[in-house]
Engineer: 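Got a structure for you, written out below as C-alpha cells; questions coming shortly.
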Amino acid sequence: MMLFRTVRHSDLNGIQSLSERAGIGLTSLPNNLEQLRARISRSVDTFDGKLTRAQQGFLFVLEDTSENRVVGVSAIEAAVGLEEPFYNFRVQRTIRSSRELGIYKVIEALSLEQDQTGNTELCTLFLDPEYQKGKNGTFLSKARFLFIAAFRDLFSKILFAEMRGVADEKGNSPFWNALGQHFFGIPFSQADYLTGIGSKTFIAELMPLHPVYISLLPSEAQRVIGQVHEKTVPARAILEKEGLAYEGHIDIFDAGALLQAEIDRIRAVKESRLVPVSRVKSVARNDGVPCIIANQRFSDFRALLLNVAYGSDEILLTSAEMDALQINDGNQVRLVTLFPREH
C-alpha cells in the first residue's frame, strides 16, 4: 500500500537516502543531514502550531507500507519571502520600432523580482526512481491539493511551483554558465547547494540589479529559458493539467519555469468533496475511477490512491484502508479524481 502522510522525525534516514538520489538542481532537498533534520523539525513544529505563517512549511512523505520505506517526498511552503527574500527573474517584453527603417522588434529582458512574496509554494517533489511508475508520481504531487483544500485558510490566493531547469548529467546549466557564473564566480552546483541550506544573502549582494537583455545571451542559454529538466517534464505536465501555467517567471539560477495559479481555480481543489465512509470486509478495486482519498486530520493528514465509485454517496473502505487513513466507520473523507474528468 502506498500511503501519503505527514513527515515524522523517524523519516530522516529515508529522506536522506532520497536526497542522495535527487542530484543537483533540487534546491529544497539538499544532501545535508543537519539541514534535512532541521527541515523535518520545522514541519513537525508547523503541524504542532508553534511557528508563524512566515516560517510554516509542510513536509509530506510517500511510504511503501509493505516495505516500511519512505520512497518519496513533497512539500508546501505556506508563504514565501516574508522572512527572507524570494527571488525570480521575470521575462519582460517591450516593443521598439523605427518608422524610418521599417523595423519592428520585440525586445525581451530579465528583471530580478520578488513578485512571489507572500504566495504559497509547492516544492520538494521527488520520487525514488524505483517507484517512478504507475500513478505514484501523480499521487505524490496531487495529494497536496487535498491538504490545501481541507485547510484553505492557511494558504494564500496564489500558488506557484518553481520547476527544475535544464542541466546535464554533471549538473552543468547553460543558463548559469551564460549569466550566473559571471556574477557569483562559483559553480552552479555550489550556488544551488547554498540556496538549499538557507544561505541566500549572496543572491541580493551579487545578482545584477539592472535588466539583462536575453538577446545578448548565448543561444544555448536562450533556448532553456522557461524550460524544465528532462526528468521534470512529467511533474510540469501534472501541474499544468491542474491549471497552473507559465507566465514568464523563471528560476534565477537555471531558468526553470515557474508555474502559478489562483488556488481556488486549481481543478483538484475546486472539485474535491467530502463523502462519508463505510467499512466492508472486501471491495473490488479493479473497477471505478482512480481517486485520492484523504482524512481530515491536520497534524496527521493521510491519503490513499484507490479506485472507487466516484459518484457514490459513500465510499466503501476495508479495515486495512481505514486503519491506514486513521478513520472510523461513518467519518468523512475528502476525495477527488486523480485525473481531470471528461465533461
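Computation of the quantities below employed the complete heavy-atom set of this structure, encompassing side-chain atoms and omitting hydrogens, waters and symmetry-equivalent molecules.
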Engineer: Taking C-beta and beyond as the side chain, do Leu18 and Val61 meet within less than 4.5 Å on heavy atoms?
Structural biologist: no
Engineer: Evaluate Met2 against Asp64 for side-chain contact (heavy atoms from CB on, under 4.5 Å), listing each step before the verdict.
Structural biologist: CA-CA 5 Å; Met2 303 302 294; Asp64 182 345; 4.0 Å; yes
Engineer: Please tabulate, one pair per line, all N/O donor-acceptor pairs under 3.5 Å involving side-chain atoms of residues 230-239, not counting sequence neighbours.
Structural biologist:
{"residue": "Arg236", "atom": "NE", "partner": "Glu240", "partner atom": "OE2", "Å": "3.0"}
{"residue": "Arg236", "atom": "NH1", "partner": "Gly226", "partner atom": "O", "Å": "3.0"}

Engineer: Name every donor-acceptor pair, under 3.5 Å, that has one atom in a side chain of residues 44-53 and the other anywhere in the protein, sequence neighbours excluded.
Structural biologist:
{"residue": "Thr46", "atom": "OG1", "partner": "Arg42", "partner atom": "O", "Å": "2.7"}
{"residue": "Thr46", "atom": "OG1", "partner": "Gly57", "partner atom": "N", "Å": "3.2"}
{"residue": "Thr46", "atom": "OG1", "partner": "Gly57", "partner atom": "O", "Å": "3.4"}
{"residue": "Thr52", "atom": "OG1", "partner": "Gln55", "partner atom": "OE1", "Å": "3.3"}
{"residue": "Arg53", "atom": "NH2", "partner": "Ser156", "partner atom": "OG", "Å": "2.5"}

Engineer: My understanding is that only residues two or more places apart in sequence, or in another chain, count here; which of them pass salt bridge (Lys or Arg N to Asp or Glu O under 4.0 Å) with Arg267?
Structural biologist: Glu242, Glu271
Engineer: Measure from the side-chain N and O atoms of Gln181 to the backbone N and O of Asn177, and report whether any donor-acceptor pair falls under 3.5 Å.
Structural biologist: yes
Engineer: Within the side chain of Asn328, is there an N or O that forms a donor-acceptor pair under 3.5 Å with the backbone of Asn331?
Structural biologist: no
Engineer: Might you point out which heavy atoms bring Gln114 and Pro85 nearest each other, and give the distance in Å?
Structural biologist: OE1-CB, 3.7 Å
Engineer: If you define the side chain from C-beta out and look only at heavy atoms, does anything of Leu317 sit under 4.5 Å from Arg279?
Structural biologist: no
Engineer: With the side chain counted from C-beta on, respond yes when Asp264 and Arg152 share a heavy-atom pair under 4.5 Å apart, and no when they do not.
Structural biologist: yes
Engineer: Do any N or O atoms from the side chain of Ser312 and from the backbone of Ala309 form a donor-acceptor pair under 3.5 angstrom?
Structural biologist: no
Engineer: Less than 4.5 Å apart, any side-chain heavy atom of Gln116 and any of Gln260?
Structural biologist: yes
Engineer: In the hydrophobic cluster built from side-chain contacts under 4.5 Å, what are the other members alongside Val280?
Structural biologist: Val283, Leu316
Engineer: Could you pull out all residues at least two apart from Arg8 that satisfy side-chain contact (heavy atoms from CB on, under 4.5 Å)?
Structural biologist: Arg5, Ser10, Asp11, Glu63, Arg302
Engineer: If you look at every heavy atom in Ala268 and Val336, which pair is closest and at what distance?
Structural biologist: O-CG2, 3.8 Å
Engineer: Determine, step by step, whether Tyr246 and Val228 satisfy the side-chain contact (heavy atoms from CB on, under 4.5 Å) criterion, reporting the C-alpha distance in whole Å, the side-chain angles of both residues, the deciding distance to 0.1 Å, and the verdict.
Structural biologist: CA-CA 11 Å; Tyr246 171 62; Val228 299; over 6 Å; no
Engineer: With a 4.5 Å cut-off on side-chain heavy-atom distances among I, L, V, M, F, W and Y, is there a chain of contacts connecting Leu3 to Val308?
Structural biologist: yes
Engineer: Going hydrophobic residue to hydrophobic residue with side-chain gaps under 4.5 angstrom, can you get from Phe339 over to Leu306?
Structural biologist: no
Engineer: More than 12 heavy atoms of other residues, nucleotides or ligands under 6.0 Å from NE2 of His210: is that the case?
Structural biologist: no
Engineer: Both conditions, 6.0 Å and 45 degrees, for the charged tip of Arg273 above the ring of Tyr310: are they met here?
Structural biologist: yes
Engineer: Using modelled atom types and a 3.5 Å cut-off, is there a donor and acceptor pairing between side-chain atoms of Asn295 and backbone atoms of Asp300?
Structural biologist: yes
Engineer: Check side-chain contact (heavy atoms from CB on, under 4.5 Å) between Arg69 and all other residues, then give those that pass, not counting sequence neighbours.
Structural biologist: Arg21, Glu67, Val71, Asp128, Glu130, Tyr131
Engineer: I'd like to know whether Phe301 forms a ring-ring contact (aromatic ring centres under 6.0 Å, His included) with Phe58, so could you lay out the CA-CA distance, the side-chain angles of the two residues, the decisive distance to 0.1 Å, and finally the verdict.
Structural biologist: CA-CA 11 Å; Phe301 184 82; Phe58 303 91; over 10 Å; no
Engineer: Is any side-chain heavy atom of Val269 closer than 4.5 Å to a side-chain heavy atom of Phe155?
Structural biologist: no
Engineer: Has Arg90 got a side-chain atom pairing as donor or acceptor with Gly248's backbone, closer than 3.5 angstrom?
Structural biologist: no
Engineer: Sequence neighbours left out, what passes ring-ring contact (aromatic ring centres under 6.0 Å, His included) with Phe145? Give chain and number order.
Structural biologist: none
Engineer: Going by the rule side chain to side chain donor-acceptor pair (under 3.5 Å), which residues pair with Arg99 if we only count those two or more places apart in sequence or in a different chain?
Structural biologist: none
Engineer: Following the transitive rule for hydrophobic clusters with a side-chain heavy-atom cut-off under 4.5 Å over Ile, Leu, Val, Met, Phe, Trp and Tyr, establish whether Val277 and Met1 coincide in one cluster.
Structural biologist: yes
Engineer: Roughly how far, to the nearest 0.5 Å, is CG of Leu36 from CG of Asn31?
Structural biologist: 7.0 Å
Engineer: Which residues satisfy the salt bridge (Lys or Arg N to Asp or Glu O under 4.0 Å) test with Asp323, sequence neighbours excluded?
Structural biologist: none
Engineer: Measure the spacing between CZ of Arg265 and CD1 of Ile158 and express it to the nearest 0.5 Å.
Structural biologist: 9.0 Å
Engineer: Mind running side-chain contact (heavy atoms from CB on, under 4.5 Å) on Val91 and Leu110 for me, showing each step along the way?
Structural biologist: CA-CA 5 Å; Val91 179; Leu110 302 175; 3.7 Å; yes
Engineer: Apply the test salt bridge (Lys or Arg N to Asp or Glu O under 4.0 Å) to residues Arg144 and Glu121: give CA-CA distance (whole Å), side-chain angles for both, the deciding distance (0.1 Å), then the verdict.
Structural biologist: CA-CA 11 Å; Arg144 294 175 292 185; Glu121 181 188 15; over 6 Å; no
Engineer: If the plane angle is over 60° it's perpendicular, under 30° parallel, otherwise tilted; pick one for Phe139 and Phe4.
Structural biologist: tilted
Engineer: Taking the side chain as C-beta and beyond, is there a heavy-atom pair between Ile95 and Val106 under 4.5 Å?
Structural biologist: yes
Engineer: Before giving the answer on side-chain contact (heavy atoms from CB on, under 4.5 Å), spell out for Leu159 and Asn119 the whole-Å C-alpha distance, their side-chain angles and the decisive distance to 0.1 Å.
Structural biologist: CA-CA 6 Å; Leu159 178 75; Asn119 290 343; over 6 Å; no
Engineer: Are any non-hydrogen side-chain atoms of His249 and Phe160 less than 4.5 angstrom apart?
Structural biologist: no
Engineer: Does Leu146 offer a backbone N or O that forms a donor-acceptor pair with the side chain of Ser272 under 3.5 Å?
Structural biologist: no
Engineer: Between Ser43 (side chain) and Ile40 (backbone), is there a donor-acceptor pair under 3.5 Å?
Structural biologist: no
Engineer: Return yes if some donor-acceptor pair links the side-chain N/O of Lys142 with the main-chain N/O of Leu338 below 3.5 Å, else return no.
Structural biologist: yes
Engineer: Please enumerate all residues that pass side chain to side chain donor-acceptor pair (under 3.5 Å) together with Ser41, with sequence neighbours excluded.
Structural biologist: none
Engineer: Atom CG in Leu325, atom CZ in Arg297: separation rounded to 0.5 Å?
Structural biologist: 10.5 Å
Engineer: How many angstroms lie between OG1 in Thr120 and CD1 in Ile263, if you round to the nearest 0.5 Å?
Structural biologist: 4.5 Å
Engineer: For Asn136, give me all partners under side chain to side chain donor-acceptor pair (under 3.5 Å), at least two apart in sequence or on another chain.
Structural biologist: none
Engineer: Please check if Leu12 and Leu59 belong to a single hydrophobic cluster, counting links between Ile, Leu, Val, Met, Phe, Trp and Tyr side chain heavy atoms closer than 4.5 Å.
Structural biologist: yes
Engineer: Tell me whether Val333 shares a hydrophobic cluster with Phe147, the cluster being built from Ile, Leu, Val, Met, Phe, Trp, Tyr side chains joined at under 4.5 Å.
Structural biologist: no
Engineer: Distance-only criterion, 3.5 Å: show the donor-acceptor pairs between side-chain atoms of residues 212-223 and protein atoms not counting sequence neighbours.
Structural biologist:
{"residue": "Gln222", "atom": "NE2", "partner": "Ile214", "partner atom": "O", "Å": "3.3"}
{"residue": "Gln222", "atom": "NE2", "partner": "Leu217", "partner atom": "O", "Å": "2.7"}

Engineer: For Asn88 and Ile250, indicate whether the former's side chain and the latter's backbone hold a donor-acceptor pair under 3.5 Å.
Structural biologist: yes
Engineer: Distance check, rounded to the nearest 0.5 Å: Arg39 atom CZ versus Thr124 atom OG1?
Structural biologist: 3.5 Å
Engineer: Under 3.5 Å, side chain of Gln132 to main-chain N/O of Leu127, donor-acceptor pair present?
Structural biologist: yes
Engineer: May I ask you to test the Val7-Phe60 pair for a side-chain heavy-atom distance under 4.5 Å?
Structural biologist: no
